[in-house]
Amino acid sequence: MDLKAGKDAADPKAVKRTTLVEVQGVPMFSDTAEKWGPIWDFKARPDDLLICTYPKAGTTWIQEIVDMMQHGGDPQKCARAPIYVRIPFIEICPSIFSRLEEAEAMLSPRTLKSHLPVQLLPPSFWEQNCKIIYVARNAKDNAVSYFHFHRMDQEMPEPGNWDQFLDNFLTGKLSYGSWFDHVRGWWEAKDRYPILYLFYEDMKEDLAREIRKVAQFLGLELSEPVLNRIVRHTAFESMKANPMANYSTMPPHLMDHTTSPFMRKGTVGDWKEQFTVAQSERLDDICARELGGSSLTFRTQL
Ligand code: A3P
């Protein structure tokens, strides 16, 4: 996730950790907040496919799966560019690498990426009835992954220590706001719009099964050999070794993989290494309160 490759990205000395500015009450990167007008006015097309997630829920994984599917399971075709070039990230709009402008210039059919909560999605996506794939990941693993990402991405806000970070996660003070609002908002929207709602844990459990769901949603036929190639190509170890998927093409002063690699662990249940018992219980309580009234449930281990 090249979250903030901004105008000073080429100059290691100029790289600064970003601040957050609220957009309709949701903390967002200051550059995104500044350019909110053009983002909100983004013109979706009816054949756009949007991949949407809370950050660190498995965005890159589903992006690579979808790109493979759209290219007949041919890894050579998916090696044409890094994943962040193949699928533009619409709400990132710093002045040099304008992802919004790249998306606007793209030929149809487009596949686009966003982390926006449902209420901040540009209205044209709803008006055009675009297909959307949403991936959700359990809050505990999601929070741990987001913490390590803040440590390695030198343009993310300062994470502080784990205790402070978790507190910010639980109170919705990180970029993109509350994880609870995000996963619940998209869960509710799926009853009204063409949204395929997937879970990271299900993908870990049986990737072939989840890939078949995506193919059916996109109306694509997948032969068994192609399906098997996609499963192999998008396994964690393959993606970790793939420079077009693992973000090693980002300049090291922006993403410091020595602090924590982008492809870090790729598991369900890693949170047990990070959470205290009290922190785990606190999160469970908040989860019960925030998601209690919905049919949305998560698995924190397999
Ligand atoms: P961890 O930090 O827990 O390892 P995003 O792409 O949304 O930024 O999410 C990154 C998270 O997804 C990281 O989680 C990364 O390791 C994990 N991930 C990426 N590709 C994966 C794959 N093929 N299989 C399992 N997990 C994957």
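The first residue in the sequence is number 1, and the count goes up from there. Numbering of ligands and ligand atoms starts at 1, following listing order.
The existence of a salt bridge linking Asp67 and Arg80 is confirmed by a sub-4.0 Å separation between a basic side-chain nitrogen and an acidic carboxylate oxygen. Between Arg99 and Glu102 there is a salt bridge, since a side-chain N of the basic residue sits under 4.0 Å from a carboxylate O of the acidic one.
When heavy-atom distances to ligand 1 are checked against a 4.0 Å cut-off, Arg264 comes that close through both its backbone and its side chain. The proximity of Ala57 to ligand 1, defined as any non-hydrogen pair under 4.0 Å, is limited to the backbone. The part of Thr234 lying near ligand 1 is the backbone, judged by heavy-atom distances below 4.0 Å.
Each of the atoms 16 (O), 19 (C), 20 (N) of ligand 1 lies under 4.0 Å from some heavy atom of Met263.
For Thr59, a nitrogen or oxygen atom sits less than 3.5 Å from a nitrogen or oxygen atom of ligand 1, counting backbone and side chain alike. Considering backbone and side-chain atoms together, Trp61 places an N or O closer than 3.5 Å to an N or O of ligand 1. Taking only nitrogen or oxygen atoms, main chain and side chain alike, Gly58 reaches within less than 3.5 Å of ligand 1. Taking only nitrogen or oxygen atoms, main chain and side chain alike, Lys265 reaches within less than 3.5 Å of ligand 1.
Residue Phe236 holds the heavy atom nearest to atom 27 (C) of ligand 1 of all those in Tyr146, Phe236, Phe147. Closest to atom 3 (O) of ligand 1 by heavy atom, among His148, Lys240, Arg137, is Arg137. Of the options Tyr54, Phe149, Tyr200, the smallest heavy-atom separation from atom 25 (C) of ligand 1 is shown by Tyr200.
Using a non-hydrogen distance threshold of 4.0 Å, Pro261 does not register as a contact of ligand 1.
Screening Lys113, Arg110, Lys131 against Asp48 for a salt bridge (Lys or Arg N to Asp or Glu O under 4.0 Å) leaves a single residue, Arg110.
A salt bridge (charged side-chain N to carboxylate O under 4.0 Å, His left out) check over residues 267-279, counting only residues at least two apart or in different chains, returns the pairs Arg264-Asp270, Lys265-Asp270.
Looking at heavy atoms from C-beta onward, Met203 lies in side-chain contact with Val135 at the 4.5 angstrom threshold.
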